[in-house]
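Report on the structure given below.
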Amino acid sequence: MGLPTIVIAGAGQAGYQTAASLRQEGYDGRIVLIGDEPGLPYQRPPLSKAYLLGKVQAGALRFRQAEWYEQNRVERVEARITAINRTAHSVTLADSRTLPYDHLVLALGARNRVPAVPGITLDGVFGIRTLADADALSLRLAEIKRVVVIGAGFIGLEFAAVAAARGIQVDVLEIGTRPMARALSEPMSAAFDAAHRGWGVRLHYGQALHSVLGEGGRATGVRTTRGELIAADLVVYGIGVVPNVELAIQAGLAVDNGVRVDALLQTEDPAISAIGDLVNFPSPWAAQPIRLESVQNAVDQARAVAARLAGQPATPYTALPWFWTDQGDMKLQIAGLSEGYDTTVLLGDTAARQFSVLCFRAGKLIAVESCNRPADHMAARKLLARHTDLAAAQVTEPGFDLKAFEAATRPQA
Ligand code: FAD
């Protein structure tokens, strides 16, 4: 009998990384990477940033060129998976082909949540998830003057910063009271609110999209839930994503805000693992199982599953979550999860846009948000990962430096 076949469902960040890491781990069996997007697998982060500014071309978004897949014997299949047959150990494709697996890795990601309002299907309304979305949007950006962005989350605000830099009038509607509230502390939200206003972005809090208005099939503006009318040539929404769980549900796997996996990233079917934006997993960094949408999460989970499938001892997945976003001249890097913080301490110079916010909960450091302070971010990742004690009072002492503190508390080899 030959080596087992590993089928990877979804050829995005997590799917590609699983294939690459399997080979790095010395796995010699068959690898089939199935994705429904056209072309070679690519990274998404630049789609709402440098790509829309024309600073990065599509080719540079690819993880690898075609030869890499051949050389590494990663069989790419461009097709939509329509069913998982757990008894037969196979997946069915849209063209009715079936492909057998010994182990199946679900890396199906998520799709944009679409606002359920009148006018949402008008021409000129966009979400940004895929290269195709970004290409279509990019063409429009060249010819418009006003855009309304729905949602002041990471992607909405990254896009807002790009549009403002291109001289477009930007209005942002946000149902909450501050930007990126789901992921950021209040002081960091406030800094981004001020920065966007400085770039000329108009932020409207406490109101959502009521409807998209149009003429001749094309969007001409929006009505907010407060009845305000805002004219626009383009409407871009970024109100979160929905994990692509349908195949898992149909296959009878447990789903609850994502496919449920254990600490080894296995579903209840020992022949099926799941990773990336798709999964709800237990994390030592969160009180409840959590679903994260980040490159770090997709890459580290892919590596963990690949190591296990390549025969390494199975160990629980415990990687520290970290994230980043680029908006205008602000590069924000976040280590840890700030949810439930009770105290924050600011380090650095907010006026110079080089500062960090350290977030504490019950006296324990839980997250560090660094704006244009990469050294703080790197130090924070190490400090958090090794659970180093650091009190808020220490940080407020004159001359405190996070990088120096990390070096001073580093365990001796
Ligand atoms: P995906 O990359 O979405 O891949 C899933 C793939 O599966 C997709 O290609 C999908 O089409 C395919 N698929 C789904 N269903 C099927 C099916 N039935 N059959 C076949 N294929 C299927 N993260 C950061 O950390 N920093 C950032 O700055 C950042 N910026 C971002 C900007 C944008 C515009 C977007 C959209 C995301 C950004 N992210 C960022 C998030 C990051 O890109 C995702 O967390 C990451 O791509 C998740 O990887 P994944 O493999 O789980 O999902």
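Keep in mind the model is a prediction, meaning the values are calculated, not measured. Indexing begins at 1, ligand by ligand and atom by atom, following the structure's order.
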The atoms of ligand 1 lying under 4.0 Å from a heavy atom of S294, numbered in the order shown, are 23 (N), 25 (O), 45 (O)
Residue, atom and distance of the protein heavy atom nearest atom 39 (N) of ligand 1 read P45 CG, 4.3 Å
Parallel, tilted or perpendicular: which describes the rings of F63 and Y16, with under 30° parallel and over 60° perpendicular? parallel
For atom 4 (O) of ligand 1, the closest protein heavy atom turns out to be G12 CA, 3.3 Å
Is there a salt bridge (Lys or Arg N to Asp or Glu O under 4.0 Å) between R386 and E406? Walk through the geometry before answering.
CA-CA 10 Å; R386 59 177 198 248; E406 188 283 313; 2.7 Å; yes
Honestly, for W324 the part within reach of ligand 1 (heavy atoms, under 4.0 Å) is both
Closest to atom 15 (N) of ligand 1 among protein heavy atoms sits L108 CD2, 3.6 Å
The protein heavy atom nearest to atom 53 (O) of ligand 1 is G109 CA, 3.3 Å
Residues, nucleotides or ligands: over 12 heavy atoms within 6.0 Å of I230 CD1: yes
Closest to atom 10 (C) of ligand 1 among protein heavy atoms sits D36 OD1, 3.5 Å
- Residues S138 and D135: side-chain donor-acceptor under 3.5 angstrom: no
Looking only at non-hydrogen atoms, the one of E246, K49, R44, Q13 nearest atom 30 (N) of ligand 1 is K49
Residue, atom and distance of the protein heavy atom nearest atom 34 (C) of ligand 1 read S48 OG, 3.4 Å
Note: A79, heavy atoms under 4.0 Å from ligand 1, region reported as backbone
Say whether T325 and E158, considering side chains only, have a donor N or O and an acceptor N or O under 3.5 Å apart. yes
Closest heavy-atom pair, Y237 versus N112, reported as atoms and distance to 0.1 Å, is CE1-CB, 4.1 Å
For G276, the ligand 1 atoms with a heavy-atom partner under 4.0 Å come out as 52 (O)
Discussion item. Looking only at the side chains, is there a donor atom on one of R353 and N372 sitting less than 3.5 Å from an acceptor on the other?
Written reply: no
for atom 23 (N) of ligand 1, nearest protein heavy atom and its distance come out as V295 N, 3.5 Å
So for N297 against ligand 1, with non-hydrogen atoms under 4.0 Å, the contacting part is neither
The option among A107, A14, P46 carrying the non-hydrogen atom nearest to atom 5 (C) of ligand 1 is A107
Verdict with supporting geometry, D349 and F355, side-chain contact (heavy atoms from CB on, under 4.5 Å)
CA-CA 5 Å; D349 185 347; F355 62 99; 5.8 Å; no
Parallel, tilted or perpendicular: which one describes the rings of H196 and F192, with boundaries at 30° and 60°?
tilted
The protein heavy atom nearest to atom 3 (O) of ligand 1 is R129 NH2, 2.7 Å
At under 4.0 Å between heavy atoms, what of I155 touches ligand 1? The answer is side chain
- Do any nitrogen or oxygen atoms of N244 come within less than 3.5 Å of a nitrogen or oxygen of ligand 1? no
For a quick check under 3.5 Å, do H377 and R381 share a side-chain donor-acceptor pair by atom type? yes
Charged N to carboxylate O below 4.0 Å: is that the case for D342 and R361? no
In short, I275 meets V279 closest at the heavy-atom pair N-CG1, 3.3 Å
So the atoms of ligand 1 within less than 4.0 Å of a heavy atom of E293 turn out to be 45 (O)
Contact region, E37 to ligand 1, non-hydrogen atoms below 4.0 Å, reads side chain
Can you confirm, on distance only, whether ligand 1 has an N/O atom lying under 3.5 Å from any N/O atom belonging to L278?
no
Does the pair R218/E143 count as a salt bridge with the N-to-O cut at 4.0 Å?
yes
L247 heavy atoms within 4.0 Å reach ligand 1 at atoms 18 (N)
